[in-house]
Amino acid sequence: MSDNFKFDYGDSNRYIIKEAVGKGSYGVVYSAYDTKNKENVAIKRINNVFEHISDGVRILREIKLLRHLKHPDIVTIKDIILPPSPKDFRDIYVVFELMETDLHQVIRANDDLTDEHHQYLLFQMLRGLKFIHSARVFHRDLKPKNILANSDCKLKICDFGLARPQFTDQAQTIFWTDYVATRWYRAPELCGSFFTKYSPMVDVWSIGCIFAELLLGKPLFPGKNVVNQLELITDLLGTPKPETVKKIRNERARRYLEQLPHKDPADMRKVFPMASQGATDMIKKLLAFDQDDRISASDALEEPYFKDLFKSRTEDIAKPLSKLDYGFDQKSLRESEIRDLMFREILEYHPDAKKQFMSTNSRHVYHFPSQVDRFKMQFVNLDNKGSASGSGQGIPGPPIRSATSMPKQGLSSNLVERALMSNSALSTSFTGATFDQAQELIGAENSPLSQSFSMGKNSYLGESIESELDLSSDSFMKMTLDAKERESGS
Ligand SMILES: Nc1ncnc2c1ncn2[C@@H]1O[C@H](COP(=O)(O)OP(=O)(O)OP(=O)(O)O)[C@@H](O)[C@H]1O
């Protein structure tokens, strides 16, 4: 390396790890302080990224998509720690903006959210979803735990590990072999058959379920298996029309629905006694059984329910993804190829190192100054503390969110109007502002919206990850589609 090469990366003291704040199946998320930008951040530590190829691809997909999908309603990656060497790194550390909690916790800790809360929360989820869909990306795993939240009611969609981009205008029929998303939020067209067209409507269904959970304070369709899932769905929506049932590709699922005794739709006012008429109207549109009848995120934002909120603007539309960038998802890769793609992605956050890496001859021998070793020490210390406090097995101690119940202040419609409504004093700068400025306004420390949520107790184990494994116990369909059906449907 030349002596005059200056690097502002690898600054080994930059982040001070504080505490664990969340845990997913792929990593533990810690709060940390960024001494360079003087702000709190969240750092997701993912160990042994390449142990299983599918995990490596999933993480690569997530970080690539999040670099592309920059929007105030989607969590931002701020940095990814540069590994010391491109050749043999195994762990990665992704730095996100820090959020206080997730919607799963908010729902459990707040039983007195108002219609203004409901409107604003659904509005943000749909605005984020509109943006994701405009990039022709489908999230495919929307659930309360994947919606991060702050006490000022700001929401951000996270966890793009199951997301998929689509590159053609035509919806493609694809066998969703990798689809293991949480059953409770799964659209009926995916209950029983994953051999279906990729459709953004699966995400709209999930948002409908999340919204219903906000209104109810508990999951709307907590199915024990896919049969029970369809039972619960038809209990609320009634048996689907024969034309809808005919469209279902999986024969066993179709037969099951055909033989169901007729059910009328339930009275939404009884199911959601506390909800406004506008809210139940939204539920009906988001949770249409037939995906052809389901409203799109974009159209949903134009519904009268949101008439007082900001109108969507051009910033809501994403640039299309380049197939070149995401083609990796369509072929099988070796570990070394994933590692190389991952390293190049990490370099996007380190422009000087990127220049250095791209220059000839350096890439094979060059070792980057990195803070990974120092990081590891910080994590070892934290994990030891966790073990000492009884959680054992290196699982970190109690999370930062465990103790807090934020002072409840309610959300008076007047305050909401001031901050959110288009004819308010604040709105002049908000509507005219960039999203970032708008976010600052909403998130400002003394914002009238602040402290509007109680923050729930964070559960480490949380609800178990629902996976399709349980399908083995299903009475009416084993998920292995017969080969015949696969062939005929392609
Ligand atoms: N930016 C953040 N700020 C604060 N907490 C976060 C942040 N990102 C994630 N978390 C917390 O960590 C949890 C796990 O994060 P995430 O869903 O990204 O991990 P994962 O391993 O991909 O999870 P999954 O098992 O759902 O696939 C979240 O449910 C949330 O509670």
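Keep in mind the model is a prediction, meaning the values are calculated, not measured. Atoms within each ligand, like the ligands themselves, are counted from 1 in listed order.
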*Is there a heavy atom in Lys44 that sits closer than 4.0 Å to ligand 1?*
yes

*Please verify whether a non-hydrogen atom of Gly27 lies at under 4.0 Å from ligand 1.*
yes

Which atoms from ligand 1 have a heavy atom of [X] less than 4.0 Å away?
{"X": "Phe96", "answer": "1 (N)"}
{"X": "Asn146", "answer": "17 (O), 26 (O)"}
{"X": "Asp102", "answer": "29 (O), 30 (C), 31 (O)"}
{"X": "Gly22", "answer": "11 (C), 12 (O)"}
{"X": "Lys23", "answer": "12 (O), 13 (C), 14 (C)"}

Min N/O separation [X] to ligand 1 under 3.5 Å:
{"X": "Val75", "answer": "no"}
{"X": "Asp141", "answer": "no"}
{"X": "Tyr26", "answer": "yes"}

Just go through [options] and tell me whose heavy atom is the nearest to [atom].
{"atom": "atom 23 (O) of ligand 1", "options": "Gly24, Ala42, Cys158, Ala149", "answer": "Gly24"}
{"atom": "atom 29 (O) of ligand 1", "options": "Lys145, Lys143, Gln105", "answer": "Lys145"}
{"atom": "atom 1 (N) of ligand 1", "options": "Met99, Lys78, Arg58, Glu97", "answer": "Glu97"}
{"atom": "atom 17 (O) of ligand 1", "options": "Val94, Asp159, Ile77", "answer": "Asp159"}

*Least distance between heavy atoms, Leu142 atom then Ser206 atom*: O-CB, 3.5 Å

*Minimum heavy-atom distance Lys145-Lys23, with the two atoms named*: NZ-O, 4.3 Å

Any [X] side-chain heavy atom under 4.5 Å of [Y] side chain:
{"X": "Thr114", "Y": "Tyr120", "result": "no"}
{"X": "Gln291", "Y": "Arg294", "result": "yes"}
{"X": "Gln124", "Y": "Leu121", "result": "yes"}

*Using a heavy-atom cut-off of under 4.0 Å, does the side chain or the backbone of Thr101 touch ligand 1, or both, or neither?*
neither

*For a side-chain contact (heavy atoms from CB on, under 4.5 Å) with Val94, tell me which candidate from Ile80, Ile59, Ile81 qualifies.*
Ile80

*Please check if the side chain of Trp184 supplies one atom and the backbone of Leu220 the other of a donor-acceptor pair under 3.5 Å.*
no

*Indicate whether the side chain of Asn40 and that of Lys18 have a donor and an acceptor atom separated by less than 3.5 Å.*
yes

*asked:* Below 30° counts as parallel, above 60° as perpendicular, anything between as tilted: where do the rings of Phe343 and Phe89 land?
replied: tilted

*In terms of side-chain geometry, is the basic nitrogen of Lys354 or Glu348 positioned less than 4.0 Å from the acidic oxygen of its partner?*
yes

